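Worksheet: one structure, shown below.
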Protein chains: 2
Amino acid sequence: MTAPEQACPIAPVVDIVFSRWTTPILWTLNEYGTQRFVELERRIGTITAKVLTQRLRQLERDGLVVRTYHPEVPPRVEYEISELGRSLAPLFASLAEWSQHNLAKVEQARLRYDKKD
Amino acid sequence: MTAPEQACPIAPVVDIVFSRWTTPILWTLNEYGTQRFVELERRIGTITAKVLTQRLRQLERDGLVVRTYHPEVPPRVEYEISELGRSLAPLFASLAEWSQHNLAKVEQARLRYDKKD
DNA sequence: GATAGTAGGTACCTAGAGGAAAGTGACTAT
DNA sequence: ATAGTCACTTTCCTCTAGGTACCTACTATC
């Protein structure tokens with residue numbers, strides 16, 4: 001299901017970086033630094049523990065997040081953004097800037113489209 | 001289903017720009033210029049007509065794509081990227097560059113992760 | 001009469017993503 | 001003895017994105 005985008009050279013990186021929940025997780029880790037599981041869970045708010053686990057595993061596998069397990073009681077696990085993950089920061093900043101300048105235009109386009117017809 | 005990401009200021013723009021199939025469509029329109037429906041369909045390859053229609057409508061509604069209908073027989077419809085859509089070009093270029101430098105690192109991280117354990 | 005091309009629309013069906021809720025294990029605090 | 005904490009895991013359920021197949025209207029071609 002990931003194959004179809006041979007027409008687009010950025011498709012693979014989009015799959016990795018912009019799949020569901022990855023940007024809130026990476027953003028939060030980059031913004032607030034190293035965090036434990038429940039901290040992430042609370043800050044992101046509406047994500048369920050199961051999905052958060054899945055996404056963190058995927059991000060760890062892709063090398064964007066570093067997971068450190070401390071075998072204490074109760075267990076403690078810390079997540080931090082990796083160097084590779086941090087290399088996405090300027091990209092995210094560009095996105096935020098585009099958003100600031102152009103999100104309103106998208107809204108206006110939607111209003112126009114929905115009004116007529 | 002779009003609400004949960006209040007923790008992340010780029011979440012709205014990610015929803016608009018990086019939802020499924022949008023990058024291949026925008027990329028193709030930007031690369032090859034104005035095109036008809038079947039041209040897009042063939043170039044992207046594995047997309048079905050129904051989904052392509054859905055995505056094009058969404059992109060048109062968001063103001064990223066301009067649709068021009070010529071009431072001839074047989075009907076002719078042309079799609080082109082809008083100015084707002086073109087404003088994404090530098091962003092896509094940054095993504096392509098990140099991809100060139102770091103996609104291999106993601107691959108290596110995956111190999112490491114899958115090997116141990 | 002049959003077929004193909006054009007740009008879709010519509011109805012039906014299925015696979016998979018994601019949510020809700022409960023369980024786990026080992027220890028601590030009350 | 002009970003409840004609570006942490007970081008999940010597991011089971012069950014729902015919902016929707018996307019696929020398949022067929023339909024439209026009109027013309028040209030064989």
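In what follows, chains carry the letters A, B, and so on, assigned in the order in which the sequence lines appear, proteins first and then strands, with residues in each chain numbered from 1. Predicted, not measured: the structure shown is a model, and the values here were computed from it. What's counted below: heavy atoms across the whole structure, side chains too, no hydrogens, waters or symmetry copies.
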Legend entry - Contact summary for A/Asp114 and B/Arg61, nearest pair of heavy atoms: OD2-NH2, 2.8 Å
Inset, instruction - With a 4.0 Å heavy-atom cut-off, tell me which residues in residues 51-60 of chain A come close to DNA chain D, sorted by residue number. - result: A/Thr53, A/Arg57
Inset, instruction - Would you mind checking if A/Lys105 and A/Glu107 are paired as a salt bridge, meaning a charged N to carboxylate O distance below 4.0 Å? - result: no
Legend entry - Close side-chain approach of B/Val14 and A/Phe18, heavy atoms under 4.5 Å: yes
Inset, instruction - Can you tell me the distance, in whole Å, between the CD atom of A/Glu39 and the P atom of D/dT5? - result: 15 Å
Legend entry - Side-chain donor/acceptor of A/Ser82 to backbone N/O of A/Gly63, under 3.5 Å: yes
Inset, instruction - Can you tell me the distance, in whole Å, between the CZ atom of B/Arg67 and the P atom of C/dT6? - result: 16 Å
Legend entry - Selection from C/dG19, C/dT6, D/dA7 that lies nearest to any side-chain heavy atom of B/Val38: C/dT6
Legend entry - End-to-end axis angle, where each axis spans five pairs of the helix from C/dG1-D/dC30 to C/dT30-D/dA1, to 10°: 30°
Legend entry - Residues within residues 68-81 of chain A bordering DNA chain D, heavy-atom distance below 4.0 Å: A/Pro74, A/Pro75, A/Arg76, A/Val77, A/Tyr79
Legend entry - Base D/dG19 to side chain B/Lys50, donor-acceptor N/O within 3.5 Å cut-off: yes
Legend entry - Pair A/Ser19, A/Gln58: side-chain N/O donor-acceptor within cut-off below 3.5 Å: yes
Inset, instruction - Nearest whole angstrom, please: distance from the P of D/dA17 to the CZ of A/Arg20. - result: 11 Å
Legend entry - Any A/Thr48 side-chain nitrogen or oxygen under 4.0 Å from OP1 or OP2 of C/dA20: no
Inset, instruction - Round to the nearest Å and state the distance from B/Glu41 atom CD to C/dG8 atom C1'. - result: 10 Å
Inset, instruction - Send over the distance from A/Ile47 CD1 to C/dA17 P, rounded to a whole Å. - result: 15 Å
Legend entry - B/Arg36 side-chain N/O to C/dA7 phosphate OP1/OP2 under 4.0 Å: yes
